[in-house]
Amino acid sequence: EDLNIVIDLGAEKEISKVTGSFFQRERSWIFLPKGMEVSLSTDGDKYSKPISVTNTIDPKTEGAFTHNLVAEIPTQKVRYLKVHVSNFGVCPDWHRGAGDAAWLFVDEVVVE
């Protein structure tokens, strides 16, 4: 499934970057996400247009590894962040689990 979270910083804080750390091990049906979107709000009701980051790592990359997706944000004060991470979906035709659901492993989301 996709990951959808809302982060409440507790008060307005100046931020400039959101980093999501993800894990891939394609032999275990675990793929990096397609991408990540971050929307910002000061009041928790009205959110900005999403800042999108697309994963560029080839899903055929073998081995077990983590990879970060980084949303660079023009420095601003916000209190709430919506983070949407798009799961890879299903294992592709070339994969031994072709057609089966892919796993999304999220290590952490860091707000700076």
Side-chain angles (χ1 to χ4, degrees):
E1 294 181 19
D2 291 351
L3 172 71
N4 290 294
I5 59 172
V6 175
I7 299 171
D8 180 351
L9 299 175
E12 284 190 18
K13 297 186 181 184
E14 198 168 83
I15 68 165
S16 60
K17 181 171 32 172
V18 176
T19 304
S21 179
F22 307 97
F23 179 74
Q24 175 164 307
R25 184 170 186 209
E26 61 86 18
R27 291 185 63 183
S28 297
W29 285 245
I30 305 166
F31 289 91
L32 295 174
K34 292 179 184 176
M36 178 176 76
E37 294 182 336
V38 179
S39 300
L40 312 170
S41 176
T42 56
D43 63 8
D45 289 322
K46 292 182 258 176
Y47 283 84
S48 68
K49 179 180 174 184
I51 298 164
S52 298
V53 182
T54 303
N55 176 36
T56 58
I57 303 297
D58 186 344
K60 290 183 179 179
T61 304
E62 294 182 5
F65 61 92
T66 58
H67 178 71
N68 293 343
L69 295 180
V70 180
E72 298 287 346
I73 297 168
T75 301
Q76 59 191 285
K77 285 190 172 189
V78 300
R79 177 171 174 173
Y80 301 93
L81 298 92
K82 278 187 183 178
V83 180
H84 174 82
V85 180
S86 301
N87 185 353
F88 188 81
V90 296
C91 297
D93 292 341
W94 52 263
H95 192 269
R96 65 182 179 176
D100 289 340
W103 289 96
L104 172 65
F105 278 27
V106 182
D107 178 35
E108 62 185 358
V109 176
V110 177
V111 178
E112 297 179 66

**Q.** Hydrophobic cluster membership, Val106 vs Phe65, 4.5 Å side-chain cutoff
**A.** yes
Q.
I need the minimum non-hydrogen distance between Asn87 and Glu1, along with the two atoms involved.
A. ND2-N, 3.1 Å
Q) Given the rule in the side chain to side chain contact (heavy atoms under 4.5 Å, CB included) test, do Thr54 and Lys34 qualify, once you have shown the distances and angles that lead to the verdict? A) CA-CA 6 Å; Thr54 303; Lys34 292 179 184 176; over 6 Å; no
Q: Answer whether the closest heavy-atom distance between the side chains of Val111 and Leu81 falls below 4.5 Å.
A: yes
(Q) Just by distance, no angles: are the side chains of Asn68 and Ser21 close enough, under 3.5 Å, to form a donor-acceptor pair? (A) yes
Q.
Within a 6.0 Å radius of atom CD on Glu62, are there more than 12 heavy atoms belonging to other residues, nucleotides or ligands?
A. no
Q: Give a yes or no on whether Tyr80 and Leu3 share a hydrophobic cluster (residues Ile, Leu, Val, Met, Phe, Trp, Tyr; joining criterion: side-chain heavy atoms under 4.5 Å apart).
A: no
Q.
Do Leu32 and Ile5 sit in one hydrophobic cluster, given that two such residues count as connected whenever their side-chain heavy atoms are within less than 4.5 Å of each other, even indirectly?
A. yes
Q.
Within the structure provided, determine whether Glu112 and Ile15 are in side-chain contact (heavy-atom separation under 4.5 Å).
A. no
Q) Taking it one step at a time, do Val18 and Leu69 satisfy side chain to side chain contact (heavy atoms under 4.5 Å, CB included)? A) CA-CA 8 Å; Val18 176; Leu69 295 180; over 6 Å; no
Q: Taking only Lys NZ, Arg NE, NH1 and NH2, and the carboxylate oxygens of Asp or Glu, determine whether Asp8 and Arg79 approach each other closer than 4.0 Å.
A: yes
(Q) Quick one: does any side-chain atom of Ser41 pair with a main-chain N or O of Asp43 as donor and acceptor, under 3.5 Å? (A) yes
Q | Closest heavy-atom pair and its distance - Cys91, Gly97 | A | CB-O, 3.2 Å
Q | Val38 vs Tyr47, side chain to side chain contact (heavy atoms under 4.5 Å, CB included): CA-CA, chis, key distance, verdict | A | CA-CA 10 Å; Val38 179; Tyr47 283 84; over 6 Å; no
Q.
Side chains of Ser39 and Glu37, heavy atoms from C-beta outward: is any pair under 4.5 Å?
A. no
Q.
Any non-hydrogen side-chain atom of Phe105 less than 4.5 Å from a side-chain atom of Ser28?
A. no
Q) Could you walk me through whether Val83 and Asn4 pass the side chain to side chain contact (heavy atoms under 4.5 Å, CB included) check? A) CA-CA 6 Å; Val83 180; Asn4 290 294; over 6 Å; no
Q) Roughly how far, to the nearest 0.5 Å, is CD of Glu12 from CD of Gln76? A) 10.0 Å
Q. Where do Val85 and Pro33 come nearest, in terms of heavy atoms and distance?
A. CG1-CB, 3.4 Å
Q | Main-chain N/O of Leu40 paired with Ser48 side-chain donor or acceptor, under 3.5 Å | A | yes
Q.
Side-chain heavy atoms nearer than 4.5 Å, only ILVMFWY residues, links allowed to pass through others: does that put Ile73 and Leu9 together?
A. yes
Q.
Ignoring hydrogens, what is the shortest heavy-atom contact between Ile51 and Ala71? Give both atom names and the distance.
A. CG2-CB, 4.2 Å
Q: Can you tell me which residue pairs pass the ring-ring contact (aromatic ring centres under 6.0 Å, His included) test with a partner in residues 2-43, sequence neighbours excluded?
A: Trp29-His95, Phe31-Phe88, Phe31-His95
Q) Can you tell me how far CD of Glu108 sits from OG1 of Thr19, rounded to the nearest 0.5 angstrom? A) 9.0 Å
Q | Where His84 and Ser86 come nearest, the two heavy atoms and their spacing | A | NE2-OG, 3.4 Å
Q | Main-chain N/O of Thr61 paired with Gln24 side-chain donor or acceptor, under 3.5 Å | A | yes
Q: Determine, step by step, whether Asp107 and Thr66 satisfy the side chain to side chain donor-acceptor pair (under 3.5 Å) criterion, reporting the C-alpha distance in whole Å, the side-chain angles of both residues, the deciding distance to 0.1 Å, and the verdict.
A: CA-CA 8 Å; Asp107 178 35; Thr66 58; over 6 Å; no
Q) Side chains of Val70 and Val53: closer than 4.5 Å at any heavy-atom pair? A) no
